[in-house]
There are 2 protein chains.
Amino acid sequence: MSRTKEKILKQSLILFNDQGLDHVSLRSISNALNMSVGNLQYHFKKREDIIHELYFQLVSTIDIAIENSGNTQSKLEEFFETTAAIVNCFYEYRFIFQDFTSVMNQHEAIRTHYQELMKNRKLQFSAFIGSLIKRNLMRKELLPNEYDHLFVRFQILSDFWMSSSLIELEKVAQKEVSMYTEMIHQTIFPYLTETGKEAYLMIQKSI
Amino acid sequence: MSRTKEKILKQSLILFNDQGLDHVSLRSISNALNMSVGNLQYHFKKREDIIHELYFQLVSTIDIAIENSGNTQSKLEEFFETTAAIVNCFYEYRFIFQDFTSVMNQHEAIRTHYQELMKNRKLQFSAFIGSLIKRNLMRKELLPNEYDHLFVRFQILSDFWMSSSLIELEKVAQKEVSMYTEMIHQTIFPYLTETGKEAYLMIQKSI
DNA sequence: AATTATTTAGTACATTTGTACTAATTTATA
DNA sequence: TATAAATTAGTACAAATGTACTAAATAATT
């Protein structure tokens, strides 16, 4: 990728994150870079292409972060690390989650990719739950679809905590990131066995 | 309120729900009513006013629905009914929740009202949790801020389940409403005591 | 050095949409 | 009935924004 293209992406990310996707026009991006709109368009034929590119940057950032949080001592620790990693990546590319719905509505390619991604994540999640149960860290299902619904809950909370924070507090800063990370972590707690709960409390203390 | 004003609101709600807020212009509303835009503007000086009015219709619809679900046998039943009532009202005014963030960002008066509303809801929620605990239907907190976080979870799930459904399935119909209602109901289950769990299962059977 | 390809700038356009404004028409009132 | 108030229609405008297009400038290549 050309140096200019990288500069455009970097600046776009900053502006998008700061001002929100729909308050940033091509003109404001090119202004911030002392560059003509024509030039911008030479590198990205469509505005959509910039957003598209940034989305896929996020995806690979998450992939890397998840890999790095793989070498943990326990399965539960892995859950803590993975969750925190995802939340942090979301925050880095927060413009996407400040109005997740608009992004997904306006960018079909992104939406399609996301839908596929979620199918995979759901499989991974099920496998993960299974391994927690086998290790006697998590109890079995007591309700129909209980852990399917748990997955849905994780998904909604992950994708929309930032929107919620913005509406409620009209900002998202590091403090909020911590708060919502804890909230998401705690989501799994009441499903844990006594052993699991002890392990949870140990990990929590170590953070 | 004049007959015409009511007609405009009714038609706007239909179009907003069907096509989404930002795919409905004043022109399309007036077309659907065989009415001039000028006339529309006579009744609602700003487009915002229509949305404003519909939002407050929703608010009072919810108030009424909550009152009606007050006369239940048990506290847990009240939870089931109230939750379902809210979800259904949200569905009636789904245009607001199909892109909740945009609505809240673009309508300051609505956002301010919502913020206040949530402060009250949080107090009500805390009181409700307290009464469940006193009745030995719910266990005490085991984690710091556990039930504050539980409230946040309820809030995010309520406000954004529809957005999530739209992104994932590209539609929201009655089937999805049922599914997400169950998901939200189940959120409280793992915090219940044995007595509480039994009561939950009884109520669930009766639905 | 000459030619070709790449990059940059600048202008213009099309479109959408909320809304302001004026005039006509209908309804209410005295 | 005459006058005032209300409702309705129609036109025009302003502002924003993505993008198409052309020409100039710079870099690369032969």
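Letters A, B, ... mirror the listed sequences (proteins, then strands); counts begin at 1. Since the model is a prediction, treat every value here as computed from it, not as a measurement.
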Test of understanding: with ring-ring contact (aromatic ring centres under 6.0 Å, His included), list the residues that count as partners of B:Y114, not counting sequence neighbours. B:F100
Does A:F80 have its ring centroid less than 6.0 Å away from the ring centroid of A:Y200? yes
Starting from C1' on C:dT8, measure out to CZ on A:F44 and report it in whole angstrom. 15 Å
Given side chains that start at C-beta, do those of A:Y191 and A:E146 come closer than 4.5 Å, heavy atoms only? yes
Indicate, with a heavy-atom threshold strictly under 4.0 Å, whether B:T4 touches base, sugar-phosphate, or nothing. sugar-phosphate
Rounded interatomic separation in angstrom, taking CG from B:L33 and P from D:dT8: 11 Å
Would you please classify the geometry between the A:F79 ring and the A:F128 ring as parallel, tilted or perpendicular, with 30° and 60° separating the classes? parallel
Could you check whether A:R111 pairs with B:E170 (Lys NZ or Arg NE/NH1/NH2 to Asp/Glu carboxylate O, under 4.0 Å)? yes
Five pairs per end, C1' atoms only: what is the angle between the end axes of the helix from C:dA1-D:dT30 to C:dA30-D:dT1, to 10 degrees? 0°
Mark up nucleotides 9-22 of chain C, 5' to 3', with B wherever a protein heavy atom is under 4.0 angstrom from a base atom, S wherever such an atom reaches only the sugar-phosphate, and - elsewhere. BB-B----BBBB--
When rounded to whole Å, the CD1 to C1' distance for the pair B:I8 and D:dA9 reads 13 Å
Give me the atom names and distance for the closest heavy-atom approach of A:K5 to A:H43. CE-O, 3.5 Å
Are the charged groups of B:E116 and B:R121 less than 4.0 angstrom apart, N to O? no
Is any side-chain N or O of A:H43 closer than 4.0 Å to OP1 or OP2 of C:dT6? no
What is the distance, rounded to the nearest whole Å, between atom CD of A:Q19 and atom P of D:dT17? 11 Å
Phosphate contact (D:dT8 OP1 or OP2) by B:Y42 side-chain N/O below 4.0 Å: no
Side-chain heavy atoms of B:F90 within contact of B:V172, under 4.5 Å: no
